[in-house]
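Inspection log for the structure reproduced underneath, given as structure tokens.
Excluded from the calculations below are hydrogen atoms, water molecules and symmetry mates; all remaining heavy atoms, backbone and side chain alike, are included.
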Amino acid sequence: MEASASPLYHFISSHQSLTQKQPRCYSTNFGLVNAAETLSESSPSTSLESLSLLQFDYEKKFNSLNSVRAMHAKMIKLSNEWDTKKNMQYFISGYLEFDDFQSAAVLFFVGFAENYLYWNSFLEEYTYFGGTPCEILEVFSELHSKGVNFNSEILAFVLKICSKLRDMWLGLEVHACLIKKGFDLDVYTRCALMNFYGRCCGTESANKVFKETSMHDSLLWNEAILVNLRNEKWTEGLQMFRDMQALLVKANSLTISKVLQACGKLGALDEGKQIHGYVIRYALESNILIRTALINMYVKNDNIKLARVVFDSTDNRNLPCWNSIISGYTALGYLDDAWELFHEMKTCNIKPDIITWNSLLSGHFLHGSYREVLAIVRRMQSAGYQPNRNSITCALQAVSELGYLRIGKEIHCHVLRNGLDYDLHIATSLVDMYVKNDDLTSAQAVFDCMKNRNVCAWNSLISGYSCKGHFEKAGDLLDQMKEEGIKPDIVTYNSMVSGYSTSNCIKEALAMIRRIKSSGMSPNVISWTSLVSGCSQQGYFREAFEFLTQMQDEGIKVNSVTVASLLQACAGLSLLHIGKEIHCLCIRNNFIDDVYVSTALIDMYSKCGNLENAQKVFQSLEDKTLASWNSMITGFAIYSLGTEAISLFDKMREANIQPDAITFIALLSNCKHSGLLDKGWKYFDHMKTDFGVIPTIEHYSCMVDLLGRVGYLDEASDFIQSMPMEPNAAVWGALLTSCRIHGNVELGEIAAEHLFKLEPYNAANYALMMNLYALSNRWKDVDRIRDKMEAMGVKIGPVWSWLKVDQRIHIFSTAGKTHPEEGEIFFEFYKLISEMKKLGYKPDTKCVVQNISEVEKEKALLGHTEKLAITYGLIRTTSPAPIRVINNTRICSDCHTVAKYMSLLRRREIFLKDGVRFHHFRDGKCSCCDLW
């Protein structure tokens with residue numbers, strides 16, 4: 001029974017390497033003593049001298065290689081039965097102990113190789129003492145060249161080593177030898193051939209060996225399936241298993257466990273359930289290997305309930321079984337349940353191992369519980385477990401996400417104290433941690449100390465320098481990498497593309513794309529997405545869509561990151577129709593559950609004038625992240641819906657979501673757009689004391705804007721003076737805008753003086769100051785500002801508004817061609833003005849920054865682009881569709897009043913975007929409540 005089962009074990013299980021040396025008794029190597037004792041050997045008739053030698057003390061150790069050779073020679077000379085298994089065992093151990101690997105291999109081939117049971121043990125012991133499989137093949141080749149004949153079992157053993165070393169040519173010679181000797185029909189030899197071809201030539205060659213075999217017994221079927229699955233041919237392996245079952249051939253436990261693994265890899269839940277039925281039908285449920293494979297299969301198919309059913313019905317749960325279910329719970333995000341199992345495991349007297357702890361670590365990291373990852377590391381150390389490379393790598397990744405550089409350095413010290421810095425994986429993780437914590441000096445130091453740098457280490461450092469804009473250093477590393485014989489891969493070049501893109505070097509990024517092509521590689525989805533993302537972040541929205549077109553022309557499909565970047569571009573250009581198309585694409589490609597995509601959708605709809613859809617996307621999210629809450633609160637700010645924003649913030653707190661700096665920027669923006677001074681002060685005062693968020697310049701800018709908009713200009717000025725940091729252009733710009741609203745020339749001049757120093761070429765600041773002077777009829781000062789602009793070469797760009805009608809964009813601009821339907825537009829607009837005046841409308845001529853007559857000012861007001869765009873929308877669209885107009889400047893008070901009247905007279909909803917916020921006009925009212 002053992003003889004028939006052992007070859008299968010040999011071919012399937014022999015590739016597990018020893019991970020730790022254990023104390024061994026040389027006289028019992030290969031487990032032969034027990035085997036020898038059970039063999040029925042006849043007692044030979046020997047001389048007294050021979051008999052004394054056969055009764056040699058096998059526990060006695062040799063003291064040198066010469067003593068081994070001398071005793072071996074004496075045994076051969078004096079004993080007729082020197083080649084008994086026990087004697088040969090003894091001498092093989094002696095040769096291995098003193099590093100004479102060639103003699104040990106020769107002795108094994110000559111006297112031992114006919115017994116299947118010893119192959120694995122010999123190979124393990126051989127490598128344990130420092131020998132290499134290559135030396136065994138050298139001995140085989142030498143013996144073969146000298147005419148030594150080997151049987152099929154020895155040749156199968158040599159094929160196994162050829163498979164392990166990927167020695168294709170010697171393996172082919174062995175195959176030829178098998179054919180010549182007629183051994184190739186032997187079932188064990190066939191298994192060895194399939195294993196060899198599967199590892200060295202691919203599954204097609206291995207399957208060919210299988211198909212050429214006339215009789216397919218269970219051993220061949222099992223080996224054929226395993227060969228395919230070892231090569232990750234999951235579909236093919238699963239199909240072979242179906243064919244095998246159709247012929248009523250029984251699968252062994254290892255094959256079943258591997259096929260279940262394939263079902264997990266393929267997401268084939270139905271097939272996995274059928275195999276589960278097969279297991280029950282053949283009463284294999286008690287096999288713990290299969291039980292564990294079933295748990296893993298259900299976990300991989302996101303069915304934790306069935307995995308738990310299998311686990312609960314398992315009587316003799318071993319450690320791998322516990323680890324599988326705990327790993328499943330953590331992988332799927334059921335962290336509390338995983339901890340319950342962890343504690344239950346200890347009550348069942350099953351001691352967790354490093355795999356158990358690493359499962360908890362990886363699960364918490366995967367689901368964003370980065371602080372818990374560090375706590376688990378401390379806990380496992382307190383329990384007496386030493387973190388291994390996986391533990392340390394996970395902890396370093398958590399440090400990178402949290403930005404805890406100090407803790408990262410502590411982990412680095414632990415690595416050095418425990419001599420783990422030699423580990424390439426850990427060293428690369430350290431480089432990556434320092435890079436992501438903006439400590440390139442330490443990253444470079446770790447990198448310089450690495451003896452063997454793989455491409456990942458090079459990529460991490462190059463990415464760090466590239467993303468920080470140090471392109472010269474990144475380029476030098478790229479050249480050095482090539483000089484040291486490390487070939488840059490697509491990740492290397494992609495890091496350069498990403499760095500150039502995010503640093504506003506679009507031309508250089510595109511050049512790097514061309515360099516990828518010239519190096520013989522093809523830019524992938526990450527290459528193009530880096531370019532698209534960089535353009536979106538830098539405001540090159542049109543270029544982002546141009547690169548998308550090139551990407552699609554090369555046959556590369558977008559991923560979730562590409563989609564999120566495109567949605568950002570849609571938001572920047574207010575392209576609602578394209579945003580909706582991308583939303584459909586997300587639904588078709590299952591991107592909708594991606595947290596970045598869903599957040600980008602909320603942002604896109606908010607900034608494109610469709611707050612209703614933004615709310616629908618937000619409400620549809622099952623797991624709302626902080627980013628999604630922030631995006632929705634910001635959406636309310638865009639529409640001046642401060643009360644709704646505050647209500648949403650309260651719900652966010654009820655959901656135990658901790659706010660961050662962005663949350664408070666969104667809240668303060670809502671307060672300033674809605675005139676909620678008391679609420680604004682409350683959030684500003686409590687953000688640090690209650691939530692630990694330190695106010696930044698953006699928060700101070702919001703407070704200055706809030707104070708100024710509600711008329712507290714002196715308080716706003718005092719607030720600026722009390723700021724703990726130097727006011728920037730945003731702060732002074734907020735004050736100047738408030739001075740323009742309330743006509744405070746004195747403070748406005750102070751703010752403008754700072755702005756002209758900070759942003760000497762920003763035309764918007766000059767325009768605001770001219771408007772402020774014009775309100776006070778200080779025309780000489782208006783001319784003075786205009787002359788200053790001309791002297792500095794600062795020009796106010798053209799004002800434009802656009803809307804989409806019938807899939808076409810219609811642009812109304814103060815520069816360029818007039819609209820082809822201008823006559824009809826003005827005719828309708830004059831009718832509207834006449835109707836408005838009957839309701840009490842009076843043109844606000846203060847909006848005209850020109851020293852002309854009132855009549856001329858009224859005429860000038862008629863040409864404002866947003867009025868013409870809204871009028872055209874009223875002509876060419878029908879109710880109930882809202883009119884959406886995008887304007888590139890702040891709407892004047894007269895246009896604001898006219899839009900309110902238009903919405904009342906024509907009973908239409910009008911969305912008008914000026915800069916970063918929307919005005920929603922309905923029934924003669926605006927969502928901003930005239931606070932803008």
Side-chain angles (χ1 to χ4, degrees), residues 529 532-533 535-537 539-549 551-552 557-622 624 627-628 631-632 634-639 641 801-811 869-870 872-873 876-888 908-914 916-922 927:
T529 298
V532 172
S533 176
C535 288
S536 297
Q537 292 174 28
Y540 297 108
F541 304 124
R542 288 180 176 82
E543 288 79 358
F545 286 106
E546 290 173 4
F547 291 134
L548 171 68
T549 303
M551 174 181 175
Q552 291 176 322
K557 293 183 179 180
V558 299
N559 62 14
S560 59
V561 181
T562 321
V563 167
S565 300
L566 292 172
L567 287 169
Q568 185 181 358
C570 290
L573 295 172
S574 298
L575 297 175
L576 179 61
H577 58 294
I578 295 180
K580 286 183 175 180
E581 291 176 6
I582 295 175
H583 191 174
C584 294
L585 175 72
C586 293
I587 295 171
R588 287 197 302 271
N589 291 277
N590 294 320
F591 294 152
I592 202 71
D593 293 329
D594 185 279
V595 61
Y596 297 105
V597 171
S598 58
T599 304
L601 278 168
I602 296 169
D603 185 64
M604 181 275 296
Y605 277 122
S606 298
K607 293 178 179 177
C608 290
N610 197 326
L611 187 63
E612 183 180 354
N613 276 6
Q615 289 178 279
K616 287 180 179 178
V617 173
F618 177 77
Q619 290 165 1
S620 67
L621 298 177
E622 292 184 8
K624 296 179 177 66
S628 60
S631 188
M632 195 66 248
T634 303
F636 285 126
I638 293 171
Y639 293 84
L641 300 174
S801 302
W802 65 266
L803 79 165
K804 183 188 173 193
V805 177
D806 295 332
Q807 305 302 317
R808 289 186 60 188
I809 300 294
H810 295 264
I811 301 174
I870 294 171
Y872 187 73
R876 291 290 175 250
T877 63
T878 58
S879 185
I883 297 167
R884 304 179 194 276
V885 175
I886 310 301
N887 187 35
N888 72 330
R908 298 288 295 276
E909 284 188 79
I910 301 169
F911 289 91
L912 177 61
K913 183 180 183 182
D914 66 338
V916 295
R917 62 185 293 193
F918 268 97
H919 297 268
H920 181 195
F921 301 97
R922 181 167 53 186
S927 59

| task | Measure the OG1-CG distance between Thr634 and Asp603 for me, rounded to the nearest 0.5 Å. | result | 7.5 Å

| Which distance, rounded to the nearest 0.5 Å, do you find between the CG of Asn888 and the OG of Ser801? | 7.0 Å

| Distance (rounded to the nearest 0.5 Å) between His583 NE2 and Leu601 CG | 5.0 Å

| Between the main-chain N or O of Tyr596 and the side-chain N or O of Thr599, is there a donor-acceptor pair closer than 3.5 Å? | no

| Can you name the closest pair of heavy atoms from Ser598 and Leu621 and give their distance? | CB-CD2, 3.4 Å

| task | State the SG-CD1 distance between Cys584 and Ile592, to the nearest 0.5 angstrom. | result | 9.5 Å

| field | Which atom of Gln568 lies closest to which atom of Gln537, heavy atoms considered | value | NE2-CA, 3.8 Å

| task | State whether the side chain of Ser606 and the backbone N or O of Ile602 hold a donor-acceptor pair below 3.5 Å, judged by distance alone. | result | yes

| note | Tightest non-hydrogen contact, residues Met632 and Leu611, listed as CE-CD1, 3.7 Å

| Sub-3.5 Å donor-acceptor pair from the side chain of Arg908 to the main-chain atoms of Ala881, do we have one? | yes

| task | May I ask you to test the Leu575-Phe545 pair for a side-chain heavy-atom distance under 4.5 Å? | result | yes

| Counting distance only, does the side-chain N/O of Asn559 pair as donor-acceptor with the main-chain N or O of Val561 below 3.5 Å? | yes

| query | Donor-acceptor pair, Lys607 side chain versus Gly572 backbone, under 3.5 Å? | reply | no

| What heavy-atom pair brings Ser560 and Val597 nearest, and what distance separates the two atoms? | O-CG2, 3.4 Å

| Reported CD1-to-NE2 distance for the pair Ile582 and His577, which is rounded to 0.5 angstrom | 10.0 Å

| request: Could you please spell out the steps behind the side-chain contact (heavy atoms from CB on, under 4.5 Å) verdict for Tyr605 and Lys616? | output: CA-CA 10 Å; Tyr605 277 122; Lys616 287 180 179 178; over 6 Å; no

| Are any of the side-chain heavy atoms of Asn613 and Val617 separated by less than 4.5 Å? | no

| query | Where do Lys580 and Met604 come nearest, in terms of heavy atoms and distance? | reply | N-CE, 4.3 Å

| said: For the CZ atom of Phe591 and the SG atom of Cys586, what is their distance to the nearest 0.5 Å? | reply: 7.0 Å

| request: State whether the side chain of Ser536 and the backbone N or O of Ser565 hold a donor-acceptor pair below 3.5 Å, judged by distance alone. | output: yes

| task | Kindly assign one of parallel, tilted or perpendicular to the pair Tyr639 and Phe918, based on the angle between their ring planes and the thresholds 30° and 60°. | result | parallel

| remark: Looking only at heavy atoms, the pair that brings Ser574 and Ile886 closest together is CB-CD1, 3.5 Å

| So Arg588 and Leu585, side-chain contact (heavy atoms from CB on, under 4.5 Å) or not? Walk me through it. | CA-CA 5 Å; Arg588 287 197 302 271; Leu585 175 72; 3.8 Å; yes

